[in-house]
Undergrad: 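My questions will all concern the structure given below.
We count residues from 1, following the sequence as given. This structure is a prediction, so every number in the text was calculated from the model and none was measured.
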Amino acid sequence: MIAFYYIRSMQIDEFYMQRCIDLARRGEGSVAPNPMVGAVIVFDNKIISEGFHQIFGQAHAEVNAVNAVHDKAVLKQSTIYVSLEPCSHVGKTPPCADLLVKYGFKRVVIGSIDSYSEVAGKGISKLKDTGIEVTVGVLEKECRELNKRFFTFHEKKRPYVILKWAQTKDGFIDKQRTDAKQLSNWISDSETQTLVHKWRSQEQSILVGRKTVENDNPVLTVRAISGNNPIRIVLDSHLRLPMSSLVFNDESKTVCINLVKSEKVGNIEWLKVPNMNVSNILAALYNSNIQSVFVEGGSATHQSFIDSNLWDEIRVIVGDSFFQEGLKAPNLSKTPDSSFSFSSDQIYIYKNV
C-alpha cells in the first residue's frame, strides 16, 4: 500500500509539473535572458491558480499564480508547483521564495534547481528553513530542456549555440558566384523558410559572417511570422562591410564583432575582440548577456564552430534540389539524432551531448 501511494503521488506531481512546463513555454521569446517558468497552485486536489513568467522584467510565475488566488487563506493548505527553483535575490522583482514563505505554503514542488549563482539552492534553503515541505527534481530532465539556453549560459559561461544551414541533395549550400551581384539561391521551399523565421524568433541573437552579408545582403529579422527580432551579430574583423548593408538598418539591434574598435552608435554596437576565434566571439556575447545564438552562415563560419566543438544543436535542411557544383556544405562527421519531413524538405537534427 505504501509503495502504491508513493507511485501515485509521483504521478500526480509529474502531472502538475508538466502543466508548469506547458505554461512556461508561453513566455518563449519574451522573457530572455530570464528563464521560462510556469507555476501551478493546487488546493484540495484541484488547480486553483496558474501563472507563468510573461515578459522580461515583469512579475515571475509564482507571483502571477499567487495574485490570481482570491482567498489567500487557502494557500497555507496548498501546494505550489514551479518548474524552476524560486529566486531568493532581489533583481528586477522581489524574491519569489520570500513570497511563498509569506503565505506559508504547505508544500513546494520544484522541477529543477536554478544554477544561476544568485539562486543555486538558496531559494530551496529559505523555504526549508521556515518549515515548508520541499520536493525537488520532478521532471527535472524536461525542466532543464525547457531552459537549456539559460542553463548553458550559467553553467558553461557561453551562449547556447544552434547552427542552421540548408543544402541540396548533392551537398551544396550555394551556387558558384561568378560576379559581385547580391542574390539568394534558395534551397528550401517557402514553408520551410517560414519555419526558419519561427526558429529565429525563439533565439536571442542571430549570427552571420561577412561573406554572407556581402553575397546575400540579408535583413536577418522575423518577417514571415509574428515574433521578436533577434539581435543581429555580424563577424567583420576589419570592418569592410558598407553601412548601407541591410543588417545595419534600424529594424533591430546589430552587434559587429571585429578587431578594430568598441563603440556604440544608435542601434549598432561594435565589439572589439583580441582574436576572431569562436571562443573569443562567444565570450564577447556572454559578456553582453546574450544567452543564445542562431548561426545562419556562411560555410566557413559554420565550420569554425564545428571544428571548435562549440555548438549545442545543428539543424540541417535538405531541399529537393541539386546544384551539381558550387559551395560545399560544412563537413560534419556525425550521424543525426533525429529527422523529420517538412513540406518538400527533410530536416536533420544533431545534438552535441
Undergrad: Flag yes if more than 12 heavy atoms outside E325 fall under 6.0 Å of its CD atom; otherwise flag no.
TA: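 No, the 6.0 Å shell around CD holds no more than 12 heavy atoms from other groups.
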
Undergrad: Can you check whether S245's main-chain N or O pairs, donor with acceptor, with N217's side chain at less than 3.5 Å?
TA: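 Looks like no, no N/O pair under 3.5 Å.
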
Undergrad: Given E296, which of L207, V196, T212 fulfils the side chain to side chain contact (heavy atoms under 4.5 Å, CB included) condition?
TA: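 Checked L207, V196, T212 against E296; only one passes side chain to side chain contact (heavy atoms under 4.5 Å, CB included): V196.
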
Undergrad: What distance do L163 atom CG and N352 atom CG have between them, rounded to the nearest 0.5 Å?
TA: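 If I round to the nearest 0.5 Å, the distance is 9.5 Å.
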
Undergrad: Would E203 and Y160 satisfy side-chain hydrogen bond (donor to acceptor under 3.5 Å, both in side chains), going step by step from the backbone distance to the final call?
TA: CA-CA 9 Å; E203 308 309 327; Y160 190 88; over 6 Å; no

Undergrad: Within 45° of the six-membered ring axis of F105 and under 6.0 Å from that ring's centre, is NZ or CZ of K76 located there?
TA: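 Ring-cation test returns no.
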
Undergrad: Can you tell me if NZ on K272 sees more than 12 non-hydrogen neighbours from other groups inside 6.0 Å?
TA: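 Count not over threshold, so no.
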
Undergrad: Is the shortest heavy-atom distance from the side chain of V219 to the side chain of R232 under 4.5 Å?
TA: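 Yes, side chains in contact.
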
Undergrad: Show the nearest heavy-atom pair for residues E155 and R144, with the distance to one decimal.
TA: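 Nearest pair, atom of E155 first, then R144: OE1-NH2, 2.9 Å.
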
Undergrad: With side-chain hydrogen bond (donor to acceptor under 3.5 Å, both in side chains) as the criterion, how do D307 and S304 come out once you've worked through the C-alpha distance, each side chain's angles and the decisive distance to 0.1 Å?
TA: CA-CA 5 Å; D307 293 344; S304 66; over 6 Å; no

Undergrad: Is there a donor-acceptor contact under 3.5 Å from the side chain of D345 to the main chain of D189?
TA: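 A pair under 3.5 Å: yes.
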
Undergrad: I'd like to know if the side chain of E85 and the backbone of G123 have a donor-acceptor N/O pair within less than 3.5 Å.
TA: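 Checked: pair present.
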
Undergrad: Might you point out which heavy atoms bring I233 and S205 nearest each other, and give the distance in Å?
TA: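 Shortest heavy-atom contact: CG1-CB, 3.8 Å.
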
Undergrad: Are the side chains of P230 and L220 in contact, using a 4.5 Å heavy-atom criterion?
TA: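 L220 does not reach P230 side chain to side chain.
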
Undergrad: Nearest 0.5 Å, what's the NZ-CD1 distance between K253 and I231?
TA: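 Here the rounded value is 5.0 Å.
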
Undergrad: Run the salt-bridge test on D13 and R107 with the 4.0 Å N-O cut-off and return the result as yes or no.
TA: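 Yes, D13 and R107 are salt-bridged.
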
Undergrad: Do W165 and V208 belong to the same hydrophobic cluster, where Ile, Leu, Val, Met, Phe, Trp and Tyr are linked whenever their side-chain heavy atoms lie under 4.5 Å apart, directly or via other members?
TA: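 No, it is not one cluster - the side chains of W165 and V208 are not joined through contacts under 4.5 Å.
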
Undergrad: For K148, I'd like to know if atom NZ has over 12 heavy atoms of other residues, nucleotides or ligands within 6.0 Å.
TA: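 Yes, the 6.0 Å shell around NZ holds more than 12 heavy atoms from other groups.
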
Undergrad: Just by distance, do the side chain of D44 and the backbone of K46 share a donor-acceptor pair under 3.5 Å?
TA: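 Checked: no pair found.
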
Undergrad: Might you work through the side chain to side chain contact (heavy atoms under 4.5 Å, CB included) test for E62 and V108, ending with a clear yes or no?
TA: CA-CA 11 Å; E62 302 95 315; V108 178; over 6 Å; no

Undergrad: Can you see which heavy atom on Y81 is nearest to which on C20, and at what distance?
TA: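 Reported closest heavy-atom pair: O-SG, 3.2 Å.
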
Undergrad: With side chains defined as the heavy atoms from C-beta onward, is the minimum distance between Q204 and R149 less than 4.5 Å?
TA: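 No - every pair of side-chain heavy atoms lies 4.5 Å or more apart.
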
Undergrad: What distance do L84 atom CG and D114 atom CG have between them, rounded to the nearest 0.5 Å?
TA: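 Atom-to-atom, L84:CG and D114:CG are 4.5 Å apart.
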
Undergrad: For the residue pair S344 and D320, confirm or rule out a side-chain donor-acceptor distance under 3.5 Å.
TA: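 There is no such pair (donor and acceptor under 3.5 Å, judged by atom type) between the side chains of S344 and D320.
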
Undergrad: Between V247 and P218, which heavy-atom pair has the shortest distance, and what is it?
TA: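 Heavy-atom minimum between the residues: CG1-O, 3.2 Å.
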
Undergrad: Under 3.5 Å, is there a donor-acceptor pair between the side chain of S83 and the main chain of G38?
TA: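 Yes, S83 side chain to G38 backbone: donor-acceptor pair under 3.5 Å.
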
Undergrad: CD1 of I225 to OG of S201: how many Å apart, nearest 0.5 Å?
TA: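 Separation between the atoms: 3.5 Å.
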
Undergrad: Given 3.5 Å as the limit, does a donor-acceptor pair link the side chain of H197 with the main chain of A224, or not?
TA: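 Yes, because the side chain of H197 sits within donor-acceptor range (under 3.5 Å) of the backbone of A224.
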
Undergrad: Would you say NZ of K141 has more than 12 non-hydrogen atoms from neighbouring residues, nucleotides or ligands within 6.0 angstrom?
TA: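 Atom NZ in K141 is not crowded, with 12 or fewer foreign heavy atoms closer than 6.0 Å.
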
Undergrad: Side-chain contact test, heavy atoms from C-beta onward, threshold under 4.5 Å: evaluate it for L195 versus I347 and give yes or no.
TA: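 Yes, close enough: below the 4.5 Å cut-off.
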
Undergrad: Are M17 and V40 linked, directly or through other ILVMFWY residues, by side chains that come within less than 4.5 angstrom of each other?
TA: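 Yes, one cluster joins them.
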
Undergrad: Does D337 reach the side chain of I349, with side-chain heavy atoms less than 4.5 Å apart?
TA: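 Heavy-atom side-chain distance check fails, nothing below 4.5 Å.
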
Undergrad: Could you verify whether a donor N or O on one side chain and an acceptor N or O on the other, from T168 and D170, lie under 3.5 Å apart?
TA: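 Note: T168 and D170 side chains meet the donor-acceptor criterion.
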
Undergrad: Going from CD1 on I21 to OG on S112, what distance comes out if it is rounded to the nearest 0.5 angstrom?
TA: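 Taking CD1 in I21 and OG in S112, the distance rounds to 8.5 Å.
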
Undergrad: So K169 and V318, do their side chains get closer than 4.5 Å, heavy atoms only?
TA: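 Yes; the side chains approach each other to less than 4.5 Å.
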
Undergrad: For H53, does its backbone N or O pair with a side-chain atom of N64 as donor and acceptor, under 3.5 Å?
TA: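 Absent.
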
Undergrad: First locate atom CD1 of I47, then atom CZ of R19, and finally report the distance between them rounded to the nearest 0.5 Å.
TA: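 Taking CD1 in I47 and CZ in R19, the distance rounds to 6.5 Å.
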
Undergrad: Restricting to non-hydrogen atoms, name the atom on M276 and the atom on I257 that form the minimum distance, rounded to 0.1 Å.
TA: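 In this case the closest contact between M276 and I257 is CE-O, 3.5 Å.
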
Undergrad: Apply side chain to side chain contact (heavy atoms under 4.5 Å, CB included) to the pair V255 and S288, showing each step before the final yes or no.
TA: CA-CA 10 Å; V255 175; S288 297; 5.8 Å; no

Undergrad: Verify the neighbour count for atom NZ of K261: are there more than 12 heavy atoms of other residues, nucleotides or ligands below 6.0 Å?
TA: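 Yes, the 6.0 Å shell around NZ holds more than 12 heavy atoms from other groups.
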
Undergrad: Measuring only between side-chain heavy atoms, which start at C-beta, is T152 closer than 4.5 Å to V161?
TA: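 T152 does not reach V161 side chain to side chain.
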
Undergrad: Please check if the side chain of R200 supplies one atom and the backbone of T221 the other of a donor-acceptor pair under 3.5 Å.
TA: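 Such a contact is found between R200 side chain and T221 backbone.
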
Undergrad: Is there a path of hydrophobic side-chain contacts, each under 4.5 Å between heavy atoms, that joins F340 and I314?
TA: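 F340 and I314: separate clusters.
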
Undergrad: Could you check whether any side-chain heavy atom of L241 comes within less than 4.5 Å of a side-chain heavy atom of E214, counting everything from C-beta outward?
TA: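 L241 reaches E214 side chain to side chain.
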
Undergrad: Which is it for D236 and V213 under the side chain to side chain contact (heavy atoms under 4.5 Å, CB included) test, yes or no, and what are the steps along the way?
TA: CA-CA 10 Å; D236 186 11; V213 177; over 6 Å; no

Undergrad: Step by step, work out the side chain to side chain contact (heavy atoms under 4.5 Å, CB included) result for N34 and H60.
TA: CA-CA 10 Å; N34 280 358; H60 289 184; 4.0 Å; yes

Undergrad: Ignoring hydrogens and geometry, is there a side-chain-to-backbone donor-acceptor pair from N267 to S252 under 3.5 Å?
TA: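 Answer holds: yes.
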
Undergrad: Mind checking whether F294 and W199 have parallel, tilted or perpendicular rings, split at 30° and 60°?
TA: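 Rings of F294 and W199: perpendicular, over 60°.
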
Undergrad: Looking only at heavy atoms, what is the nearest atom pair of Q167 and V316, with distance?
TA: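 In terms of heavy atoms, the two residues are closest at OE1-CG1, 3.6 Å.
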
Undergrad: With a cut-off of 6.0 Å (strictly less than), are more than 12 heavy atoms of other residues, nucleotides or ligands near NZ of K157?
TA: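 Counting neighbours around NZ of K157, more than 12 heavy atoms of other residues, nucleotides or ligands fall under 6.0 Å, so yes.
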
Undergrad: Can a donor-acceptor pair be found, under 3.5 Å and without considering hydrogens, that links the side chain of N258 to the backbone of L271?
TA: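 The answer is yes, because a donor-acceptor pair under 3.5 Å joins these two groups.
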
Undergrad: In this structure, would Y286 and V273 fall into the same cluster of hydrophobic residues linked by side-chain contacts under 4.5 Å?
TA: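 No, Y286 does not connect to V273 through the hydrophobic network.
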
Undergrad: For the hydrophobic clusters of this structure (ILVMFWY residues joined by side-chain heavy atoms under 4.5 Å, transitively), does one cluster hold both V74 and I132?
TA: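 Yes, because V74 and I132 connect within a single hydrophobic cluster, where side-chain heavy atoms sit under 4.5 Å apart.
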
Undergrad: Ring pair (Phe, Tyr, Trp, His ring centres under 6.0 Å) for F323 and F172? Distances and angles first, verdict last.
TA: CA-CA 7 Å; F323 281 176; F172 295 98; 7.2 Å; no

